[in-house]
Amino acid sequence: MLLCGTGSGRAEVSFNLSTGLINMATPARNHVWVGTETGILKGINLVKKQANNYTEVSSLTRDQEVNVMCFGDPQETEVLLGCRDGTVRVFNTEKAKFTEFHECRGGEGVFRGIGVLDNAIVTCVESGLLKLWKEGSTENVEVQVGPKVEKMRLCDTQRHKVATGGKENDLKIWDLQRPEEPIFRAKNVMNDWLDLRVPIWIRDLDFIPDSDKVVTCTSYHQVRIYDPCSPKRRPVLETVFDEDPLTALSVTPDGRSVVVGSSHGNMAVIDLRKGRLLCSLKGNAGSVRSIQCHKSMPIVASCGLDRFLRLHSLTDKKLLHKVYLKSRLNCLLLTSRDKWEEEEVTPVAEEVKEEEDEVWDNMETVMDKTGSKKRKEAQEPNVEEVSTENTAKKKKKKAV
Amino acid sequence: MAAGKSSESGETKKRKKSKTPEEKNEENNVASAEQAGGSGGEQQAAMVFPPTFSVAEIKNKQRRHFMFMKEKLQKKKEKIALRKKRKKEREALGDKAPPKAVPKTIENQRVYDETTVDPADEEVKYDEATDEFAPYFQRQTTPKILITTSDRPRGRTVRFTEQLSSIIPNSHVYYRRGLALKKIIPQCIAKDFTDLIVINEDRKIPSERKGKEPTEHKPEVILNNFTTRLGHSIGRMFASLYPHDPQFVGRQVATFHNQRDYIFFRYHRYIFRSEKKVGIQELGPRFTLKLRSLQKGTFDSKYGEYEWVHKRHQMDSNRRKFHL
């Protein structure tokens with residue numbers, strides 16, 4: 001697999017160098033996929049530092065705004081985009097073009113979540129219609145999850161588990177194999193110190209890996225953990241961060257902490273065991289729309305209304321990459337591949353080796369020292385040329 | 001001379017205190033340094049540090065002040081001499097003189113902003129063609145502006161709103177009467193207002209200018225230096241405050257000039273006196289604006305989403321970095 005990847009990567013490198021254009025037919029090996037408010041799908045290769053548009057700007061309308069994204073398969077060859085007009089577009093990364101369009105209209109409002117379950121697309125719209133779209137069949141599973149949904153997410157490990165939440169629509173966990181009743185229905189927290197009801201407004205949620213727990217963040221800047229295994233239906237842990245609505249979150253790969261982002265562009269890592277603030281990640285100037293942590297590496301990617309994609313390191317909270325992408329960014333997908341550098345660097349190293357082999361083949365029985373001398377000689381003419389050029393320039397300058 | 005003496009004495013004191021085996025070497029060093037000062041001994045100068053002396057070391061305050069003034073005067077003289085010399089050189093060279101160096105300013109040393117808009121960029125063009133101000137630029141809406149203040153404004157603020165309404169055509173001043181902005185906004189939308197300006201007061205000193213009054217002609221608008229993507233959005237916002245077709249008969253122009261992230265507003269009446277000369281007459285109020293945040297959608301400071309927020313400690317770390 002790895003060798004395969006390097007081969008294709010190398011081909012791309014050489015292609016780019018020869019023409020300087022982006023060929024739509026070569027496989028797009030990007031590390032981050034970003035869906036924008038203008039409807040453009042962008043792929044960013046962080047090692048080569050390239051950002052490409054995969055949607056024609058000329059054919060765009062505002063209806064094509066990308067609201068949600070997910071990978072179609074575990075190999076990440078397909079990217080599914082949920083657009084404002086109710087279509088789901090499938091982008092094939094191997095062919096680097098859109099291959100399928102699915103009409104997934106139903107309910108009202110924009111998509112609030114998308115996922116893939118056994119070749120069927122799971123979508124959820126704002127009005128609360130969660131639907132399973134199987135290819136070719138008309139009998140699709142439909143679930144009403146309640147109004148004003150803000151987020152729907154599939155569990156990574158148990159794919160048939162789905163969590164939903166929204167404004168005045170508390171967390172519910174559904175089993176798509178038995179969609180009649182939710183398997184977990186959260187209960188609102190106790191009334192506050194004035195004995196007033198606490199409002200509910202879930203903005204984002206995520207499953208904690210290797211456990212049944214779900215973490216949510218709200219517009220009232222709370223971060224809550226729910227545990228369906230415990231008899232308690234109220235959150236097992238609640239903590240607050242900042243004073244602005246929390247708009248996005250993502251659980252770190254070790255499952256011990258969560259990265260949350262707010263509508264003022266503040267991002268922080270919060271420990272899930274005690275609810276303590278671990279560190280804040282700086283740089284965002286506008287509302288954070290989407291955050292995703294890498295599956296294995298301590299890296300977190302975030303994007304939002306300030307039109308920048310940012311990658312932070314979770315170990316030393318440094319800003320690793322900052323890419324200006326020209327449109328307001330709605331959602332992002334971070335590849336789960338690791339060893340990014342190797343994919344790109346290895347072919348270069350191989351080439352060097354080949355060259356060296358050729359040199360060694362040409363020489364018959366030569367000692368190391370002479371070899372090095374020869375190399376030096378080979379380098380020297382270049383140096384001389386450069387120097388002569390320089391002097392020539394200087395002379396010109398003097399003449400002027 | 002006096003300073004030299006004092007410094008020497010300081011050194012001798014140190015020597016007495018320390019009494020290290022390197023004493024002799026030090027003495028030699030000092031001696032050689034003095035030589036270097038006098039006759040320019042180059043061989044040893046490379047090895048030896050010059051005698052360290054600064055005016056700040058003098059303990060007598062009067063003496064220190066005197067020496068400081070003396071030093072300053074000396075530097076000034078040198079500077080003037082250098083300038084005269086350079087001027088003479090330039091005059092001697094005449095036309096062949098090298099072009100004058102451009103002085104360094106914060107603006108021309110500005111840190112490159114990657115969001116600077118390239119006018120040929122298709123994506124940005126598309127984004128702008130479909131953004132919130134697009135209906136204005138496609139001439140689908142005509143601006144109608146509501147101006148109001150914070151609760152309980154002072155007299156100056158009230159006068160300022162009146163002045164403001166005189167320079168923005170089709171604007172209406174309403175008293176706030178303690179209404180919440182979130183209640184005002186739906187009413188504004190119902191009554192076809194396109195923009196809402198709220199004047200807040202801090203320490204109650206809005207600037208005031210008295211002078212000629214502007215006429216009711218539709219003015220031209222000049223937007224200066226809005227280069228970045230954020231700047232473009234802001235520029236478009238200001239442009240959409242004014243009606244579409246300016247009446248050139250009025251010869252009036254409103255300028256929004258951005259410099260170092262501050263937006264200066266001026267309002268002028270111009271006249272072309274001859275082919276080269278232009279006369280301008282300032283009208284109306286002056287004011288300066290600074291962008292603190294930009295929100296997506298209508299005003300909702302609590303649950304709205306911000307497109308850009310000015311964060312002082314993170315963003316103002318570099319003086320040469322500008323956002324507009």
Side-chain angles (χ1 to χ4, degrees), chain A residues 36-40 42 51-53 55-65 150 167 199 201 203 218-221 242-248 261-267 280-289 304-309 319 322-330 400, chain B residues 96 98-99 111-135 138 227-234 261 291-318 321-324:
Chain A
T36 68
E37 205 173 58
T38 46
I40 301 167
K42 287 163 183 277
N52 297 332
N53 284 358
T55 316
E56 285 279 321
V57 179
S58 51
S59 64
L60 280 176
T61 55
R62 276 274 158 174
D63 290 344
Q64 293 176 22
E65 176 184 346
E150 291 275 351
K167 191 174 184 183
W201 193 348
R203 288 299 279 266
T218 68
S219 261
Y220 307 103
H221 50 263
D242 217 1
E243 286 163 352
D244 321 310
L246 300 176
T247 48
S262 78
S263 69
H264 277 238
N266 301 327
M267 255 169 56
S280 62
L281 305 173
K282 286 178 182 172
N284 275 309
S287 172
V288 182
R289 278 278 174 95
L305 291 184
D306 61 347
R307 300 182 170 89
F308 276 96
L309 167 78
L319 185 65
K322 181 182 169 189
V323 193
Y324 172 55
L325 293 173
K326 295 178 189 173
S327 305
R328 292 182 193 137
L329 312 173
N330 268 349
V400 170
Chain B
K96 286 175 188 174
V111 178
Y112 174 72
D113 195 306
E114 60 266 65
T115 67
T116 306
V117 175
D118 173 18
D121 199 311
E122 244 183 34
E123 196 181 330
V124 177
K125 237 190 233 170
Y126 168 72
D127 195 10
E128 287 196 338
T130 53
D131 71 353
E132 292 85 349
F133 304 111
Q138 288 158 6
T227 52
T228 66
R229 187 65 191 77
L230 180 70
H232 261 236
S233 310
I234 299 298
D261 280 355
L291 183 66
R292 297 179 70 173
S293 63
L294 177 64
Q295 263 193 27
K296 190 180 150 62
T298 53
F299 172 84
D300 186 355
S301 61
K302 215 169 175 188
Y303 302 114
E305 280 188 301
Y306 284 81
E307 193 173 320
W308 188 85
V309 185
H310 186 251
K311 294 179 180 171
R312 275 173 63 207
H313 297 292
Q314 284 177 39
M315 290 175 177
D316 291 351
S317 54
N318 190 349
K321 168 89 188 151
F322 300 115
H323 303 282
L324 286 179

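Within every chain, numbering begins at 1; the chains are lettered A, B, ... in the order of the sequence lines, protein sequences first and strands thereafter.
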Problem - Residue that, paired with A:Ser287, satisfies side-chain hydrogen bond (donor to acceptor under 3.5 Å, both in side chains) out of B:Gln295, B:Glu305, B:Lys296 - result: B:Glu305
Problem - Rounded distance [0.5 Å steps], CZ in A:Arg307 versus OG1 in B:Thr115 - result: 9.0 Å
Handout entry: Options A:Arg62, A:Glu37, A:Lys322, A:Lys282, ranked by heavy-atom pairs under 4.5 Å with chain B, top entry
Key = A:Arg62
Exercise for the section: Could you check which of A:Thr36, A:Leu305, A:Asn284, A:Asn266 has the highest count of heavy-atom pairs closer than 4.5 Å to chain B? Expected result: A:Leu305
Problem - Residue part contacting chain B, namely of A:Leu246, when any heavy atom lies under 4.5 Å - result: neither
Practice task
State whether a side-chain donor-acceptor pair under 3.5 Å links B:Glu123 with A:Ser327.
Solution key: yes
Handout entry: Smallest separation among heavy atoms of A:Tyr324 and B:Glu114, with atom names
Key = CD2-O, 3.4 Å
Exercise for the section: Indicate the ring-plane relationship of A:Trp201 and B:Tyr303, choosing parallel, tilted or perpendicular according to the 30° and 60° boundaries. Expected result: tilted
Handout entry: Electrostatic pair A:Arg328-B:Glu132, nearest N-O below 4.0 angstrom
Key = yes
Completion exercise
Under 4.5 Å to a heavy atom of chain A? For B:Gln314 that would be side chain
Exercise for the section: Ignoring hydrogens and angles, tell me if any N or O in the side chain of B:Lys311 forms a donor-acceptor pair with the backbone of A:Gly265 under 3.5 Å. Expected result: yes
Exercise for the section: Flag the pair B:Tyr126 / A:Thr38 as yes when at least one side-chain heavy-atom distance between them is below 4.5 Å, and no otherwise. Expected result: yes
Problem - Pair A:Lys326 + B:Asp121: basic N to acidic O under 4.0 Å - result: yes
Exercise for the section: Measure A:Ser262 against the heavy atoms of chain B and call it side chain, backbone, both or neither at under 4.5 Å. Expected result: neither
Handout entry: Electrostatic pair B:Lys302:A:Glu243 at N-O distance under 4.0 angstrom
Key = no
Exercise for the section: Can you tell which part of B:Val124 gets under 4.5 Å to a heavy atom of chain A, answering side chain, backbone, both or neither? Expected result: side chain
Handout entry: Contact leader toward chain B among A:Ile40, A:Asp244, A:Leu60, where contacts are heavy-atom pairs under 4.5 Å
Key = A:Leu60
